[in-house]
Protein chains: 2
Amino acid sequence: MASAASPTRPAESATSLETIQRELTAFARRARATAARMHPELSLVAYTILAHLEEQQGCRATDLAAHYLLDKSTVSRQVAALERDGFLERRTDPTDHRVQVLHLAPRGVRSLAAARVRRQETFKERLAAWDPADLARFADYLVRYNADAAAHP
Amino acid sequence: MASAASPTRPAESATSLETIQRELTAFARRARATAARMHPELSLVAYTILAHLEEQQGCRATDLAAHYLLDKSTVSRQVAALERDGFLERRTDPTDHRVQVLHLAPRGVRSLAAARVRRQETFKERLAAWDPADLARFADYLVRYNADAAAHP
DNA sequence: TGATATCGTTGCACTCTACAACCCTCCTGG
DNA sequence: CCAGGAGGGTTGTAGAGTGCAACGATATCA
């Protein structure tokens, strides 16, 4: 399972599909526990929300829900907990008082940075033996797969 | 994000790592809901357990826990529910009365087959536009990644 | 035979999640 | 102008999934 490219006779497509299914679900099962080990302070969802906030320079709870296919009530509770613990802050949009724009609070910035370092270390160690070209291709495949998954729900 | 391979200057490895992290966690968040949509009768964990049982021709609950990094109590409850609903059966090992070997029951075989068909259809549609060579490479990468993840916990 | 290890179950607590009902604010058509 | 609908967000409720700790039963070994 080490080498990158395999022969690709048409008959093998079905096998690839099975493998992709099995390996993706295997990963999914472990993701939560892995996240908990890497950064106990931030759950997988919390980390995701904070990272999104940093990347987007702030956004609304509804955006988070839409982007991550979560119910708005779920996001609401997550955000409430993150605000209570000082990871983020809400700023009511002055032009539309229905809207609360979420921004990272100082503690959120710090925790996110620390968590990112831990994640980087783990992934770096984990993927140390990979050729950079393979890493890049793998990343591309994942992006493409998630895009396809979003398009075919 | 459509084309497969990207340029791979060394400086891009860090970006690839970030992308891989982000896309894998994005997938993980959606996996449970996706499974529920594809086969409402079997949760993601239930499907996984039954598939493992089929593949291994029966195994112990402890094996499942070790393989999927779950607490034995979690597996115990999952197995109890699956037995209650007729998806699997337990057979006490005659040579070691502590051990219960789990096997698929007829209903488990049927449900697993149906779920597999639904999953195949979904994935086939989802990945229809992919070149078989890309599929094969993607599958290889996933296998390799999960192996590395298991080796560096 | 007694100490130790293994397999599994159960009590407990917690997180994550969706759905439904609700409130508040905004917008638009009569 | 204002009534009704739409959008953003919260809360009540319920259920799945999970881990930890304590326990009982069985097996193994000194």
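First the proteins, then the strands, lettered A, B, ... as listed; each starts at 1.
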### Task
Identify, with sequence neighbours excluded, every residue that meets side chain to side chain donor-acceptor pair (under 3.5 Å) alongside B:E121.
none
### Summary
ring-ring contact (aromatic ring centres under 6.0 Å, His included) filter on B:H52, not counting sequence neighbours, yields B:H67, B:Y68
### Message
Could you work out, with salt bridge (charged side-chain N to carboxylate O under 4.0 Å, His left out) as the rule, every residue matching A:D71, not counting sequence neighbours?
### Response
none
### Message
Going by salt bridge (charged side-chain N to carboxylate O under 4.0 Å, His left out), name the residues that satisfy it together with A:D93, two or more places apart in sequence or in a different chain.
### Response
none
#### Entry: Sequence-distant partners of A:E89, side chain to side chain donor-acceptor pair (under 3.5 Å), two or more places apart
A:R91
### Task
Quick one: label A:L69 by what it contacts on the DNA or RNA (base, sugar-phosphate, nothing), any heavy atom closer than 4.0 Å.
sugar-phosphate
### Query
With ILVMFWY side chains joined below 4.5 Å, transitively, what does B:V99's cluster contain besides itself?
B:V101
### Task
Measure the spacing between CH2 of B:W130 and CG of B:L127 and express it to the nearest 0.5 Å.
6.0 Å
### Query
Between atom CD in B:Q100 and atom C1' in D:dG24, what is the gap in whole Å?
13 Å
Give me, pair by pair, the N or O atoms of the protein and of nucleotides 19-22 of chain C that are less than 3.5 Å apart, along with how far apart they are.
residue	atom	partner	partner atom	Å
C:dC19	N4	A:S73	OG	2.7

### By side chain to side chain donor-acceptor pair (under 3.5 Å) - contacts of A:R77 (at least two apart)
none
Check nucleotides 26-30 of chain D for protein N or O atoms closer than 3.5 Å to its own N or O atoms and list the pairs.
residue	atom	partner	partner atom	Å
D:dA27	OP1	B:H97	N	2.7

### Query
Which residues within residues 78-89 of chain B lie with some heavy atom under 4.0 Å of an atom in DNA chain D?
B:Q78
### Distance, rounded to the nearest Å, where B:D63 contributes CG and C:dC7 contributes C1'
11 Å
### Pairing residues for A:R107 by the side chain to side chain contact (heavy atoms under 4.5 Å, CB included) criterion, not counting sequence neighbours
A:E41, A:D85, A:F87, A:R110, A:S111
### Query
With sequence neighbours left out, what residues match A:R118 under salt bridge (charged side-chain N to carboxylate O under 4.0 Å, His left out)?
none
